[in-house]
Amino acid sequence: DAGITQSPRYKITETGRQVTLMCHQTWSHSYMFWYRQDLGHGLRLIYYSAAADITDKGEVPDGYVVSRSKTENFPLTLESATRSQTSVYFCASSSGTSRLSPRGTDTQYFGPGTRLTVL
Amino acid sequence: AQKITQTQPGMFVQEKEAVTLDCTYDTSDQSYGLFWYKQPSSGEMIFLIYQGSYDEQNATEGRYSLNFQKARKSANLVISASQLGDSAMYFCAMREVMIGRQLTFGSGTQLTVLP
């Protein structure tokens, strides 16, 4: 039971390069999310997806691109990496099957994270 | 305004004692959910407990309980009988039904359990 995995776990790149972070889940969850974690900010939502081919922006989408051609995969691409994108990136998923109400938890489960350093 | 506020950047507790981690939230939505996650030094995010805005009883999960005071807009996490393995960063998060399924996180509280 692999759950939700991210690759690579660590990545060092240079300013201006394109980088793609991978996220894969085996639960067939409808919803997938990308967050970044920076000191003092907790986690902030970058993009999310409700289903294959449906994506939407979160709080901090600038400089990032996502796609979701298959339910199980949700790659995040930094088209031209900048130093401000040095961060820990978390992918998460939720089933989306419980009612969207406070009685339905629709808990998000997180991947192990990718630590990205942009030099 | 911050949607989720965790005012304790760091806390210490003696092993076997109870500890309360504070979380206040701000929303105009009547329907929302509150979550707590634990992040140990290894970095993964672990779901602990959930409270819905219409739940009349405080949520409990083993040694974790959520002290939910709706009028005060607070959702404090209580850990009973602290263990050394409880040392971690703890995040409070909210989902507002009007907005969708994404979570808004607080900045976290670093808990250290002392032997």
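Letters go in sequence order (proteins before strands), and every chain restarts at 1.
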Taking atom [atom1] of [X] and atom [atom2] of [Y], what is their separation to the nearest 0.5 Å?
X	Y	atom1	atom2	value
B:Arg101	A:Ser30	CZ	OG	8.0 Å
A:Arg44	B:Thr104	CZ	OG1	12.0 Å
B:Leu48	A:Thr107	CG	OG1	11.0 Å

Neighbour count above 12 (heavy atom, 6.0 Å) for [X] [atom1]:
X	atom1	result
A:Leu39	CG	no
B:Lys16	NZ	no
A:Lys57	NZ	no

So, A:Phe110 versus B:Tyr37, ring centres under 6.0 angstrom or not? yes
Given the rule that I, L, V, M, F, W and Y join up when any side-chain heavy atoms are under 4.5 Å apart, are [X] and [Y] in one cluster?
X	Y	result
A:Leu45	A:Val88	yes
A:Tyr10	A:Leu76	no
A:Tyr64	A:Met22	no
A:Leu116	A:Phe90	no

Pick one of side chain, backbone, both or neither for A:Leu43, based on which atoms fall under 4.5 Å of a heavy atom in chain B. both
What part of B:Gln39 lies closer than 4.5 angstrom to a heavy atom of chain A: side chain, backbone, both or neither?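 When you check distances to chain A, only side chain atoms of B:Gln39 fall under 4.5 Å.
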Within the 4.5 Å heavy-atom criterion, are B:Leu103 and A:Tyr35 side-chain neighbours or not?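 Yes - at least one pair of side-chain heavy atoms lies under 4.5 Å apart.
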Quick one: are A:Asp106 and B:Arg95 in side-chain contact, heavy atoms under 4.5 Å?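 Side-chain contact under 4.5 Å: yes.
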Shortest non-hydrogen contact from B:Phe91 to A:Gln37? CZ-NE2, 3.2 Å
Compare every heavy atom of A:Phe33 with every heavy atom of B:Gln102, then report the nearest pair and how far apart it is. CA-CE2, 3.8 Å
